[in-house]
Amino acid sequence: MSWLRTLLRNNGLSLAFGALFLLSLLGQAWSGLVDFNNQQLAHGTQTVGMGDYLTSSSFAVDVAENWQSEYLQFFLYVFATVWLVQRGSPESKPLGKIGPENDRDQVLGRHVRVGSPRWARAGGWRTTVFSRSLGLVMGTIFLLSWLAQSIAGVSAYNAEQLSDFGDPISWGEYLLSADFWNRTLQNWQSEFLAIGCMAIFSVYLRQRGSPESKPVGAEHHVTDETG
């Protein structure tokens with residue numbers, strides 16, 4: 001069982017948040033089903049089972065609209081922190097390292113090590129892609145989630161329109177609708193607020209033992225986590 005303890009210790013953060021994600025998704029599915037069926041009853045229509053609800057546009061749009069905002073947050077943060085800094089925040093690079101930095105700082109070119117990732121040692125387009133892979137993946141997931149939100153959203157919107165004897169609209173019309181942008185912007189504003197607060201609060205506040213915080217006794221103006 002030592003291998004299991006080692007696995008849990010070495011991957012505790014990802015495993016813990018993976019479990020929390022699944023539990024939250026199950027909770028959302030259950031509560032969403034109850035709320036959906038309450039609305040069905042209020043409209044005098046038939047209720048649905050869990051399987052039908054999980055494959056419905058109503059559930060899909062609720063999930064997708066949250067995913068796209070989360071991945072937008074990380075996509076923007078990954079790219080913004082290349083060029084933007086916050087003096088004193090461990091969420092920021094030191095003031096003197098604005099920009100993509102040199103090959104020595106990034107362990108590239110003649111500075112690569114034996115254990116460096118293969119694409120970091122390859123040079124050319126592979127190193128160029130790998131050096132921006134985190135932001136590219138986050139941005140791609142954001143765009144795909146936003147697309148999924150728009151497709152599921154127009155389906156859910158039209159289903160509601162039909163139940164209220166209204167006229168359905170096209171996907172293009174939905175992209176310009178208040179419903180789409182209300183769903184989108186209510187998530188974006190909360191993400192931007194949270195990440196801005198983290199950058200500022202971490203200048204003056206501490207959490208002992210967390211890599212997201214500077215050492216407890218570090219000066220407020222110091223940016224580096226090591227103090």
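As a basis for the values below, the full set of heavy atoms in this structure was taken, side chains included, without hydrogen atoms, waters or symmetry mates. It should be emphasised that the depicted structure is a prediction, and the values quoted were computed from it without experimental measurement.
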Are side-chain heavy atoms of [X] and [Y] found at a separation under 4.5 Å?
| X | Y | value |
| --- | --- | --- |
| D103 | R110 | no |
| E160 | Q39 | no |
| F192 | L76 | yes |
| E191 | L72 | no |
| S177 | Y157 | no |
| T127 | W119 | no |

Nearest 0.5 Å please: distance from the [atom1] atom of [X] over to the [atom2] atom of [Y].
| X | Y | atom1 | atom2 | answer |
| --- | --- | --- | --- | --- |
| S190 | Q73 | OG | CD | 8.5 Å |
| L176 | W171 | CG | CH2 | 10.0 Å |
| L33 | T47 | CG | OG1 | 8.5 Å |
| S202 | I200 | OG | CD1 | 8.0 Å |
| R183 | D62 | CZ | CG | 5.5 Å |
| I195 | F74 | CD1 | CZ | 7.0 Å |

Does [X] use its side chain to pair, donor to acceptor, with the backbone of [Y] at less than 3.5 Å?
| X | Y | answer |
| --- | --- | --- |
| S145 | A64 | no |
| S92 | V85 | no |
| Q161 | D167 | yes |
| T55 | G51 | yes |
| Q40 | T45 | no |

Over all atoms of both residues, closest heavy-atom pair of [X] and [Y]:
| X | Y | answer |
| --- | --- | --- |
| N102 | D105 | OD1-N, 2.8 Å |
| K214 | H221 | NZ-N, 4.5 Å |
| P168 | L162 | CD-CD2, 4.1 Å |
| E101 | Q106 | OE1-NE2, 2.9 Å |
| S89 | A199 | OG-O, 2.9 Å |
| R206 | H220 | NH2-ND1, 3.3 Å |

Could you state whether [X] and [Y] fall into the same hydrophobic cluster, counting links through intermediate Ile, Leu, Val, Met, Phe, Trp or Tyr residues with side-chain heavy atoms under 4.5 angstrom apart?
| X | Y | value |
| --- | --- | --- |
| W67 | V137 | no |
| F59 | L147 | no |
| L144 | V63 | no |
| V82 | Y77 | no |
| W30 | Y53 | yes |

### Query
Parallel, tilted or perpendicular: which describes the rings of W181 and W188, with under 30° parallel and over 60° perpendicular?
perpendicular
### Task
Go through the structure and list residues passing side-chain contact (heavy atoms from CB on, under 4.5 Å) with R121, not counting sequence neighbours.
V112, S116, R118
### With Y71 via side-chain contact (heavy atoms from CB on, under 4.5 Å) - residues at least two apart
M138, I141, F142
### Enclosure of Q189 CD (heavy-atom neighbours >12, cutoff 6.0 Å)
yes
Output side-chain donor-acceptor pairs under 3.5 Å for residues 7-15, partner residues at least two apart or in another chain, one line each.
residue	atom	partner	partner atom	Å
N10	ND2	T6	O	3.4
N11	ND2	L7	O	3.0
S14	OG	N11	O	3.1

#### Entry: Ring centroid separation F79 to F75 under 6.0 Å
yes
### Task
For the pair N158 and Y174, evaluate side-chain contact (heavy atoms from CB on, under 4.5 Å) and give the outcome as yes or no after the intermediate values.
CA-CA 9 Å; N158 283 336; Y174 182 70; over 6 Å; no
### Task
I would like to know whether E91 and T81 meet side-chain hydrogen bond (donor to acceptor under 3.5 Å, both in side chains); could you show each step before the answer?
CA-CA 8 Å; E91 299 296 311; T81 51; over 6 Å; no
